[in-house]
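To start, the structure itself, in structure tokens.
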Amino acid sequence: MAETKVFPMNTFMSYLKGVDKEGQKKGVVELVSYMADTVVDEELAPFAGALAKAWIYEQHPEVIAMSPAQLASTAKNVSVPKLPAETVGEISALFAQLAQYKTAAVTQAEELAKVKAELAAKTATLIDVEAKLKAAEASVKRFEDSSQKDSEKILVAPLAKVNEYIGKVDELLKMIEDVKKHGVVTVAGGGAPAAGGAPAAAAEPVVDFGVEDTFTKSDW
């Protein structure tokens with residue numbers, strides 16, 4: 001006779017029909033663990049339970065059509081056996097595959113967390129660099145503004161001198177033009193008039209080209 005174990009009908013009903021799942025969660029995990037002949041946690045219980053339920057329905061198809069009330073009226077307890085070795089082997093293989101998936105998921109989660117941490121660090125560095133760059137740009141702008149103001153101050157005095165010299169040059173050019181036209185330089189205020197009250201006749205301009213005038217000598 002196969003080895004069996006007795007469980008409350010409420011636990012068996014919760015397992016097969018989904019009645020009071022939260023209240024019977026621990027009992028269902030214990031039932032599935034016994035039938036699968038292995039330690040099953042709450043995370044893996046649904047996978048093992050699906051295989052065990054399929055076996056129960058295969059052995060007792062009449063249970064499929066029974067309602068929870070009908071099932072509860074049959075007895076207060078139920079005796080369940082361990083699953084056949086073939087079914088237990090399927091469950092073990094399934095658990096091994098799920099363990100690999102879980103390990104891979106944990107590894108990927110750790111790698112993702114590491115990448116996120118590196119990204120956060122690089123983002124913080126980038127923000128710091130941007131802040132320093134903005135501060136440097138502001139400093140350069142202040143220096144340029146200050147340099148421009150200082151240059152304007154330095155140029156004020158030379159510009160005044162230049163304007164003064166330009167005025168003197170203009171005045172000198174005017175005097176040269178007067179000499180070319182009249183042969184005399186007009187000075188503001190004027191000189192005294194010639195004797196007799198009449199102004200003296202303007203002398204003809206004489207241009208000396210550096211050539212000796214032999215025609216004016218007495219011995220020519």
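Placement of Tyr101 and Leu44 within a single hydrophobic cluster is found when ILVMFWY residues are connected by side-chain heavy-atom separations under 4.5 Å, directly or transitively. When hydrophobic clusters are built by joining Ile, Leu, Val, Met, Phe, Trp and Tyr residues whose side-chain heavy atoms come closer than 4.5 Å, directly or via intermediates, Ile56 is not grouped with Val29. Transitive grouping of hydrophobic side chains (ILVMFWY, heavy atoms separated by less than 4.5 Å) keeps Leu133 and Leu126 in distinct clusters.
When all heavy atoms are compared, the tightest approach of Ala48 to Val32 is CB-CG1, 3.5 Å. Shortest non-hydrogen contact noted between Val39 and Ser33 is C-OG, 4.3 Å. Between Asn77 and Pro8, the closest heavy-atom pair is OD1-CA, 3.6 Å. Shown here for Pro68 and Met13, the closest heavy-atom pair between the two residues is O-CE, 3.4 Å. Of all non-hydrogen atoms in Lys82 and Asp37, the two that sit nearest each other are NZ-OD1, 3.3 Å.
The CG atom of Leu51 sits 10.5 Å away from the CE atom of Met35 when rounded to the nearest 0.5 Å. Atom NZ of residue Lys17 and atom CD1 of residue Ile64 lie 8.0 Å apart, to the nearest 0.5 angstrom. Rounding to the nearest 0.5 Å places CG of Leu173 at 10.5 Å from CE of Met175. Note that CE of Met66 and CG of Leu71 are 5.0 Å apart. Values are rounded to the nearest 0.5 Å. Between Leu83 atom CG and Gln59 atom CD the span is 9.5 Å, to the nearest 0.5 Å. To the nearest 0.5 Å, atom OG of residue Ser139 and atom CD of residue Glu144 are 10.0 Å apart.
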Output, in order, the C-alpha distance, side-chain angles, deciding distance and verdict of side chain to side chain contact (heavy atoms under 4.5 Å, CB included) for Phe47 and Val40. CA-CA 10 Å; Phe47 300 98; Val40 180; over 6 Å; no

Please report the C-alpha distance between Phe12 and Val80 in whole Å, then the side-chain angles of each, then the deciding distance to 0.1 Å, and finally whether the side chain to side chain contact (heavy atoms under 4.5 Å, CB included) criterion is met. CA-CA 9 Å; Phe12 191 68; Val80 297; 4.0 Å; yes

Test side chain to side chain contact (heavy atoms under 4.5 Å, CB included) applied to Thr74 and Met9, step by step: CA-CA 9 Å; Thr74 59; Met9 179 58 73; 3.5 Å; yes

Criterion side chain to side chain contact (heavy atoms under 4.5 Å, CB included) on Gln108 and Leu112, from CA distance to verdict: CA-CA 6 Å; Gln108 291 177 355; Leu112 180 60; over 6 Å; no

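When atom types are taken as modelled, the side chain of Ser92 and the backbone of Val88 share a donor-acceptor pair closer than 3.5 angstrom. A distance-only check finds no donor-acceptor pair linking the side chain of Ser79 to the backbone of Thr4 [under 3.5 Å]. A donor-acceptor pair is defined here as one N or O able to donate and one able to accept, closer than 3.5 Å; no such pair exists between the side chain of Thr11 and the backbone of Val28. Judged purely by atom type and a 3.5 angstrom limit, Thr123 uses its side chain to pair as donor or acceptor with the backbone of Leu119. Lys53 places a side-chain N or O within 3.5 Å of a backbone atom of Tyr15 that can act as its donor or acceptor partner.
Two residues are said to be in side-chain contact when any heavy atoms from C-beta on lie closer than 4.5 Å; His60 and Val63 meet this criterion. Using a 4.5 Å cut-off on side-chain heavy atoms (C-beta onward), Lys102 and Glu43 make contact.
Residues Glu30 and Tyr34 bring no donor and acceptor atom of their side chains to less than 3.5 Å of each other.
Counting non-hydrogen atoms of neighbouring residues, nucleotides and ligands closer than 6.0 angstrom, the CD atom of Glu86 reaches no more than 12 such neighbours. Residue Gln70 qualifies as enclosed at atom CD: its count of foreign heavy atoms under 6.0 Å is above 12.
Taking the charged nitrogens against the carboxylate oxygens, Lys25 and Glu22 do have a contact shorter than 4.0 Å, which makes a salt bridge. The pair Glu164-Lys168 meets the salt-bridge criterion, since a charged nitrogen lies less than 4.0 angstrom from a carboxylate oxygen. Classification of Lys141 and Asp145 as a salt-bridged pair holds, one side-chain N sitting under 4.0 Å from a carboxylate O.
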